[in-house]
> 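Handing you a structure now.
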Protein chains: 2
Amino acid sequence: MVVDTERTDRVFRALADATRRDILLRVMRGESSVSTLASYYPMSFAAVQKHVVVLERARLVTKRKQGREQLVLGESSAIEHAIEQLERYEIEWRERLVRFDEVLQNSLKGRKQ
Amino acid sequence: MVVDTERTDRVFRALADATRRDILLRVMRGESSVSTLASYYPMSFAAVQKHVVVLERARLVTKRKQGREQLVLGESSAIEHAIEQLERYEIEWRERLVRFDEVLQNSLKGRKQ
DNA sequence: ATAACGTACAACCATATGGTTGTAGATACC
DNA sequence: GGTATCTACAACCATATGGTTGTACGTTAT
């Protein structure tokens, strides 16, 4: 079950930065050129361009060339992948609660006897 | 809306490592001492202890002392926090699809006239 | 043709990260 | 008491990360 860790690593790593999360929100609302994105943040164009590369490698965004611009667009599948990963933990949690409940039930039965 | 970025950073950062994700799965199944956890991985006790600290700072796990052992337990609220964050992106995505659909509908109406 | 714009990428820097070994303090065992 | 176990933490190292500036190249505008 240690499949896909590379991808999962990259997705969570990409999401672990506030600037990248903000870029992602913007490009899920609609595609935007890299320089337009750069104009929103108090850092150099190169820094923003690097953030886009990180998002791209995590497959959270895609780019398409239009003239001299590179338009960045959010990709929903990677988000879904991340949510699926997290839901595994929720499932574990619920199963744990169920087991706890069983133990509780058994101990109550024990008392009644 | 730039609230809570520190916490979100820490949660995603903590999840961006396969060893930490595995530790998290184990301690959501049931609490475990740090040295027991360490026995599962091909690295030093100190390395695993550091991973636990990272999970702890992200509030993905809690510790409680029992004798000389420190028992680590998964915390569901941080996972839920992370899922909530990700669902924001899903919502953006759906809204984007709705807008796209509206544009499409309008262009179809336009043609009919 | 030349200037301006948008992008990519290299080189560099400071700091963070993930690992190591070693040391020291509590607690449990004999 | 003495020894083994569990944990925490410091010091260290190599590499990754997030930022910078500078350069090069293709595209658009004058």
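Chain letters run A, B, ... following the sequence lines, proteins first and then strands; every chain starts at 1.
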> Scan residues 55-66 of chain A against DNA chain C and write down, sorted by residue number, each residue with any heavy atom closer than 4.0 Å; if none is found, say none.
A/Lys63

> For the residue pair B/Glu75 and B/Arg59, establish whether any side-chain heavy-atom pair is separated by less than 4.5 Å.
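No, side chains not in contact.
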
> Are A/Ile83 and A/Leu60 co-members of a hydrophobic cluster defined by side-chain heavy atoms under 4.5 Å apart?
yes

> I need the A/Glu31 CD to A/Arg64 CZ distance, nearest 0.5 Å.
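Output value for this atom pair is 4.0 Å.
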
> Among residues at least two apart in sequence or on other chains, which ones pass side chain to side chain donor-acceptor pair (under 3.5 Å) with B/Arg13?
none

> Nearest whole Å is fine: how far is D/dT27 C1' from A/Glu69 CD?
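Nearest whole value for this atom pair: 10 Å.
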
> What distance do A/Leu25 atom CG and A/Arg21 atom CZ have between them, rounded to the nearest 0.5 Å?
9.5 Å

> Could you walk me through whether B/Asp22 and B/Tyr41 pass side chain to side chain donor-acceptor pair (under 3.5 Å), step by step?
CA-CA 10 Å; B/Asp22 196 71; B/Tyr41 309 101; 2.6 Å; yes

> Below 3.5 Å between N/O atoms, which protein atoms pair up with nucleotides 17-21 of chain D? Just atom names and distances, please.
from, atom 1, to, atom 2, distance (Å)
D/dG18, OP1, A/Arg20, NH2, 3.1
D/dG18, OP2, A/Arg20, NH1, 3.1
D/dG19, OP2, A/His51, NE2, 2.2
D/dG19, N7, A/Lys50, NZ, 2.9
D/dG19, O6, A/Lys50, NZ, 2.3
D/dT20, OP1, A/Ser44, N, 3.3
D/dT20, OP2, A/Ser44, N, 2.8
D/dT20, OP2, A/Ser44, OG, 2.5

> How many Å lie between CZ on A/Arg68 and P on D/dT27, as a whole number?
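In whole Å, D/dT27 P and A/Arg68 CZ are 11 Å from each other.
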
> Can you tell me the distance, in whole Å, between the CD atom of A/Gln49 and the P atom of C/dT7?
9 Å

> Please round to the nearest 0.5 Å and tell me the distance separating atom CZ of A/Arg29 and atom CG of A/Leu24.
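If I round to the nearest 0.5 Å, the distance is 10.0 Å.
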
> Hey, does B/Arg10 have a side-chain heavy atom less than 4.5 Å from the side chain of B/Arg57?
yes

